[in-house]
A.B. asks: 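Okay, here's the structure, questions in a sec.
Since we're looking at a predicted model, the values are computed, not measured.
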Amino acid sequence: MIIGNGRVITHDFDNPYLEDGAVYISKGKIIEVGETKSLLQKYPDVEYIDAEEKLIMPGIINTHHHIYSAFARGMASTGASPQNFQEILETLWWKVDKKLNHEDIEYSALTTYIDSVKNGVTTLFDHHAGPTSIKGSLNIIAKAAKKLGIRTCLCYEVSDRDGLDKMQEGIEENINFIKKCEEDNTNMIKGMFGLHASFTLSDESLKKCQEAMKGIDAGYHVHVAEGIGDLHDCLNKYGKRVVERLFDFDILGEKTIAVHSIHVNDFELELLKNTNTNVVHNPESNMGNAVGCAPVLETFSKGINIGLGTDGFTNDMFESLKVANILHKHNKCNPSVAWGEIPVMLFENNKKITEKYFEGKFGILKEGANADIIVVDYDPLTEINQNNYNSHLLFGVMGKNVVTTIIDGKIVMKDRKILTLDEKEVFKKSREVSKKMWNRN
C-alpha cells in the first residue's frame, strides 16, 4: 500500500521531512519514501491511503510499561494514604498484583494494548507481575498482543517478596517464555528476564537467576534505584550501591534495561556506560511516586543509551515527551535544557533498544525499515519543516491525534477504529472482569 498526501516526518537524517510525501510498503517493509505524485505514478496498482495532509511518521515505541497496572484505574483506596514509595508498593501495587488471575491478565493486556495502539504505539516493552498466577502469564499477554497485532517484548518480575517457591516459579516463567520466543519467527514477540529490584532479591536468588540465564541471549529488565530505599537497602546489606551490585552478578549489558536509575552516582553511571546498559526514564511515574528526579541529562551526556517509557502511568508517549521536557527544566531551574535530549530519547534511543531484540530497523521511514507507521491528525498553525518538527510534536500533538496505526505493514487502526478486534466488547468485558478483581479477597 501507499500512505500519501501527508507531511512526512521520517526521522531519517538524510531525508528528514517531506511537505507532500508518501510511503510505499510491501510485505511488512518500507520500499520507498518520496513525493506522493511520484510514488503513485511509479506504483499505480496498489492500495492507497490518503493522509489528507496529516502527519505521517514512524510508530512510537514504549520501552517500559506495566500492563497489569491498568486494573488499578478507578479502584477505591483503603487505609491511610501512603507517605513514601515503599508504602505505595505495599498498599497498592503488591495488593493489586496478588489479586490477578488469568482472565484479569488477558483483559488488562487487551485494553492496554488497544489504548497504546490508539496513541500511536507500535512496539511495547512490558514488565509483568502477578505472584498468584505466574505460570503461563506471559503467554496470555503475548496472545493478546498477537490478537491485536502489536509488537511486544515481555518479562516476569522475579522477586523474593512472596517466598522462594514463587521466586523460582518466576525464573521458570521467564526462561520458558524466552525459549518459546526463540522459536517464533514472526518478529513480533520477544522475551527478557524480569527482575523486580535489588531490595527484593537476595544474593542467593540473584545467583539462581544468573545460573538460569547461562547460554541464553536475552537481557534483564530491572528497576534500578527507583526509590531511595533501594539504595539504602543495598548499602546496609551488601556495602555497595545498586548498580555496582547488579554489575557483580553480570546483570548489566547491552541487552539489559535498567529502569529509572534515579538514585545513582557518577561511578554507577560509568558502570552503565562501560557495559552498554540501557536506561529508561519514566517521568510521570517518578513524579507521581515522589521518588526524585533521575539524572537524565547527566546520563545522556555520558553517552548512555537512555530511552523513554511510561511505567504504567499512561499509554501516551507524546504525553511523556512533554512531561520529561518540562520536568528537567524545572529540576535544573534552567529553561534552556532538555530541548534536544528528550526527543532523542524517544525517537532515537528507544529504537536502539528495540533493535537489540527485534530484527530490522525501527522508528524511521526509510527503505528497508519495518513498516510501523502512524498518521497523526495535526494541522499546523505555523510553518512546519525539517528544522522545527520536534517543536510541533512537543507542543501540538497528543496520542489521541493518531488516526491510523500500521504495524508490520498491517493496518491495526484506521480512522480511530481498531480493525483487528471488537474494541467495545473488549472494554465492556474488561469492566466486568476488573470489578470482580476489585472485590476479590
Side-chain angles (χ1 to χ4, degrees), residues 1-18 20-36 38-40 42-52 54-63 113-114 116-125 145-153 184-190 317 346-348 350-377 399 402-421:
M1 72 185 79
I2 290 176
I3 308 99
N5 185 29
R7 298 179 172 92
V8 179
I9 297 172
T10 66
H11 290 142
D12 175 7
F13 294 123
D14 296 328
N15 184 32
Y17 179 79
L18 291 86
D20 181 6
V23 184
Y24 172 46
I25 64 175
S26 179
K27 298 179 180 178
K29 296 291 184 181
I30 294 174
I31 306 301
E32 190 171 348
V33 179
E35 297 295 332
T36 301
S38 175
L39 290 191
L40 288 176
K42 190 172 183 179
Y43 307 102
D45 299 323
V46 300
E47 179 184 357
Y48 175 58
I49 295 177
D50 186 351
E52 299 176 336
K54 299 177 177 69
L55 299 181
I56 302 171
M57 58 184 291
I60 304 298
I61 299 165
N62 184 344
T63 48
Y113 281 136
I114 287 171
S116 295
V117 165
K118 295 188 80 168
N119 282 283
V121 172
T122 53
T123 299
L124 188 152
F125 286 68
K146 184 177 181 180
K147 195 177 213 179
L148 179 62
I150 188 172
R151 184 177 285 101
T152 199
C153 183
D184 185 286
N185 60 4
T186 63
N187 200 36
M188 294 293 287
I189 306 286
K190 298 293 180 181
M317 292 297 296
L346 176 56
F347 300 124
E348 296 294 326
N350 273 7
K351 73 178 183 180
K352 290 178 182 177
I353 293 173
T354 303
E355 288 169 3
K356 293 180 180 182
Y357 280 89
F358 296 92
E359 298 175 4
K361 294 294 182 182
F362 293 86
I364 190 170
L365 302 185
K366 187 176 183 178
E367 180 183 347
N370 291 293
D372 293 356
I373 302 168
I374 59 176
V375 178
V376 182
D377 187 5
V402 177
V403 294
T404 296
T405 302
I406 297 168
I407 306 175
D408 195 40
K410 302 174 183 67
I411 304 173
V412 178
M413 179 180 75
K414 187 175 183 182
D415 297 327
R416 297 293 295 171
K417 181 177 175 58
I418 297 292
L419 303 184
T420 51
L421 46 76

A.B. asks: Any salt bridge between K417 and D415, counting N to O under 4.0 Å?
C.D. replies: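 The answer is no: the pair does not qualify as a salt bridge.
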A.B. asks: Nearest 0.5 Å, please: how far is NZ in K190 from OH in Y357?
C.D. replies: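 Going from OH on Y357 over to NZ on K190, the span is 10.5 Å.
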A.B. asks: To the closest 0.5 Å, what do you measure between CG (N15) and OG1 (T10)?
C.D. replies: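 Rounded to the nearest 0.5 Å, the CG-OG1 separation comes out at 5.5 Å.
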A.B. asks: Using the side-chain contact (heavy atoms from CB on, under 4.5 Å) rule, take H11 and I9 through it: C-alpha gap first, then chi angles, then the decisive distance, then the call.
C.D. replies: CA-CA 6 Å; H11 290 142; I9 297 172; 3.8 Å; yes
A.B. asks: Show, in sequence, the C-alpha distance, side-chain angles and deciding distance for L365 and V8, and conclude whether the side-chain contact (heavy atoms from CB on, under 4.5 Å) test is met.
C.D. replies: CA-CA 9 Å; L365 302 185; V8 179; 3.8 Å; yes
A.B. asks: Within the 4.5 Å heavy-atom criterion, are Y24 and I30 side-chain neighbours or not?
C.D. replies: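 Counting from C-beta outward, Y24 and I30 never come under 4.5 Å.
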A.B. asks: Any idea which heavy atoms bring K361 and E355 closest together, and the distance?
C.D. replies: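 The answer is CA-OE2, 3.4 Å.
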A.B. asks: Quick one: are T123 and T152 in side-chain contact, heavy atoms under 4.5 Å?
C.D. replies: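 They are not in side-chain contact.
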A.B. asks: Do you know which two heavy atoms are closest between G4 and A22, and how far apart they sit?
C.D. replies: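 The answer is CA-CB, 3.5 Å.
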A.B. asks: Would you say N350 and T63 are linked by a side-chain donor-acceptor pair, where the criterion is simply a distance under 3.5 Å?
C.D. replies: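 Short answer, yes.
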A.B. asks: Would you say that more than 12 heavy atoms from the other residues, nucleotides or ligands in this model lie under 6.0 Å from the CD of E348, or not?
C.D. replies: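 Buried by this count: over 12 neighbours within 6.0 Å.
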A.B. asks: Give the intermediate values and the outcome of side-chain contact (heavy atoms from CB on, under 4.5 Å) for residues M188 and K146.
C.D. replies: CA-CA 8 Å; M188 294 293 287; K146 184 177 181 180; over 6 Å; no
A.B. asks: Looking at every non-hydrogen atom in both residues, tell me the closest pair between N119 and G399 and how far apart they are.
C.D. replies: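 In terms of heavy atoms, the two residues are closest at OD1-CA, 3.1 Å.
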A.B. asks: Quick one: CE on M1 to OH on Y48, what's the gap to the nearest 0.5 Å?
C.D. replies: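 So the gap between those two atoms works out to 13.5 Å.
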A.B. asks: Got a sec, which residues hit side-chain hydrogen bond (donor to acceptor under 3.5 Å, both in side chains) with N187, two or more places apart in sequence or on another chain?
C.D. replies: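 Partners of N187 under the side-chain hydrogen bond (donor to acceptor under 3.5 Å, both in side chains) test: none.
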A.B. asks: CG of L419 to NZ of K410: how many Å apart, nearest 0.5 Å?
C.D. replies: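 Rounded to the nearest 0.5 Å, the CG-NZ separation comes to 13.5 Å.
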A.B. asks: Between atom CZ of R7 and atom NZ of K54, what is the distance when rounded to the nearest 0.5 Å?
C.D. replies: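 R7 atom CZ to K54 atom NZ measures 10.5 Å (nearest 0.5 Å).
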A.B. asks: Could I get the full list of side chain to side chain contact (heavy atoms under 4.5 Å, CB included) partners for S38, not counting sequence neighbours?
C.D. replies: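 With sequence neighbours excluded, S38 shows a side chain to side chain contact (heavy atoms under 4.5 Å, CB included) to E35, given in chain and number order.
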A.B. asks: Applying side-chain hydrogen bond (donor to acceptor under 3.5 Å, both in side chains), can you list everything that pairs with D12, at least two apart in sequence or on another chain?
C.D. replies: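 With sequence neighbours excluded, D12 shows a side-chain hydrogen bond (donor to acceptor under 3.5 Å, both in side chains) to no residue whatsoever.
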A.B. asks: Could you tell me which non-hydrogen atom of A51 sits nearest to which non-hydrogen atom of G6, and how far apart they are?
C.D. replies: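 Closest approach of A51 to G6, heavy atoms only: CB-CA, 4.1 Å.
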A.B. asks: Kindly give the heavy-atom pair with the smallest separation between P16 and D14, and that separation in Å.
C.D. replies: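 Heavy atoms of P16 and D14 come nearest at CD-C, 3.8 Å.
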A.B. asks: Taking NZ in K366 as the centre, count heavy atoms belonging to other residues, nucleotides or ligands within less than 6.0 Å. Is the count above 12?
C.D. replies: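 Not more than 12 within 6.0 Å, no.
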A.B. asks: When you compare the side chain of R151 with that of I407, does any pair of heavy atoms fall below 4.5 Å?
C.D. replies: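 Of all side-chain heavy-atom pairs linking R151 with I407, at least one is under 4.5 Å.
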A.B. asks: For residues N5 and T36, is any side-chain donor paired with an opposing acceptor at under 3.5 Å?
C.D. replies: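 No, T36 and N5 have no side-chain donor paired with an acceptor closer than 3.5 Å.
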A.B. asks: Under a plain distance cut-off of 3.5 Å, with no hydrogens placed, do K29 and N370 share a side-chain donor-acceptor pair?
C.D. replies: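 Yes, because at least one side-chain N or O of N370 sits under 3.5 Å from a partner of the opposite role on K29.
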A.B. asks: How far apart are the C-alpha atoms of E32 and I25, what are their side-chain angles, what is the distance that settles it, and do they pass the side-chain contact (heavy atoms from CB on, under 4.5 Å) test?
C.D. replies: CA-CA 7 Å; E32 190 171 348; I25 64 175; over 6 Å; no
A.B. asks: Would you say the side chains of Y43 and S26 form a donor-acceptor pair under 3.5 Å?
C.D. replies: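 Distance-only check fails for Y43 and S26.
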A.B. asks: Within this structure, what is the CD1-OG1 distance for the pair I114 and T405, rounded to the nearest 0.5 Å?
C.D. replies: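 I114 CD1 to T405 OG1: 12.0 Å, rounded to 0.5 Å.
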A.B. asks: Counting N and O atoms only, with roles assigned by atom type, does the side chain of D372 sit under 3.5 Å from a partner on the main chain of D408, one being a donor and the other an acceptor?
C.D. replies: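 Yes, because the side chain of D372 sits within donor-acceptor range (under 3.5 Å) of the backbone of D408.
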A.B. asks: Quick one: which of V412, I418, I411 gives a side-chain contact (heavy atoms from CB on, under 4.5 Å) with K414?
C.D. replies: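 Running side-chain contact (heavy atoms from CB on, under 4.5 Å) over V412, I418, I411 with K414 returns exactly one hit, I411.
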